Structure formats: C-alpha cells, structure tokens
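Notes for the one structure printed next.
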Amino acid sequence: MSEVVCPKCGSEYSVKEIKIPMKDTDTEECEVCGEVLKRWHKSTTMYHVQLKVRRENHLRSDHSR
C-alpha cells in the first residue's frame with residue numbers, strides 16, 4: 001500500500017492498488033477538496049484511496065499571514 005498527499009489541500013491518503021479482470025477508466029478524488037488524486041484510463045489496475053489525515057490548506061489565502 002502506498003500513500004499520496006493531495007496537492008491542493010494537503011490531506012494524506014493511503015492508496016490501495018486493485019487488479020481487475022477488465023479495463024476500467026475512472027478517478028479517485030480528495031474527499032476534502034475534490035482534487036483528483038489518482039486517474040486511470042483503460043487499465044486493469046484501479047485504485048482506492050482512504051483518508052488518513054484531513055488538512056484544509058485550500059481554505060487558506062496567501063493574505064492570511
């Protein structure tokens with residue numbers, strides 16, 4: 001199992017790779033901000049992400065310093 005960090009909000013996810021018997025096209029998205037975390041196209045490998053650490057960096061503005 002691997003990990004991925006959302007580039008938009010910083011939330012951390014564990015990623016499970018799943019082999020399937022047919023080709024599939026889909027995405028897994030961040031449940032905090034909706035950013036695409038994993039994308040596959042006509043692949044026999046799909047992914048499942050599970051939120052480990054919720055962050056909300058996307059709500060911060062550069063002017064809040």
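Values in this document were obtained by computation on a predicted structure and should not be read as measured data. These values consider heavy atoms only, across backbone and side chains, with no hydrogens, waters or symmetry-generated copies. Each residue takes its place number in the sequence, starting with 1.
Side-chain heavy atoms closer than 4.5 Å link hydrophobic residues (I, L, V, M, F, W, Y) into clusters, and following such links, even through other members, never connects Val5 to Leu37. Put simply, Leu51 and Val4 are part of the same group of oily side chains (I, L, V, M, F, W, Y) that touch within less than 4.5 Å, one to the next.
Annotation: side chain of His48 is in contact with side chain of Ile18 (closest heavy-atom distance under 4.5 Å). Between Glu56 and Cys9 there is no side-chain heavy-atom pair separated by less than 4.5 Å. A 4.5 Å side-chain heavy-atom check between Asn57 and Lys8 finds every atom pair outside the cut-off. Considering only heavy atoms from C-beta on, Tyr13 comes within 4.5 Å of Glu31 through its side chain. The shortest side-chain heavy-atom distance between Lys16 and Gln50 does not fall under the 4.5 Å cut-off. In this structure, His58 and Val32 have side chains that are in contact, with non-hydrogen atoms separated by less than 4.5 Å. With contacts defined as side-chain heavy-atom distances shorter than 4.5 Å, the pair Thr25/Ser43 does not qualify.
Judged purely by atom type and a 3.5 angstrom limit, Ser11 uses its side chain to pair as donor or acceptor with the backbone of Arg55.
Heavy atoms only, all atoms of each residue included: Val49 and Glu28 are closest at CG2-OE1, 3.2 Å. Nearest heavy atoms, Met46 versus Ile20: SD-CG2, 3.7 Å.
Between the side chains of Trp40 and Asp26, no donor N or O sits under 3.5 Å from an acceptor N or O. Checking Lys19 against Thr45 by side-chain atom types alone, a donor-acceptor pair falls below 3.5 Å.
Salt-bridge formation is not detected for the pair Arg54/Glu12: no Lys NZ or Arg NE/NH1/NH2 atom is positioned less than 4.0 Å from an Asp or Glu carboxylate oxygen.
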Working for side chain to side chain contact (heavy atoms under 4.5 Å, CB included), residues Met22 and Thr44: CA-CA 6 Å; Met22 67 272 183; Thr44 57; over 6 Å; no

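How far NE2 of His41 is from OG1 of Thr27: 13.0 Å, rounded to the nearest 0.5 Å.
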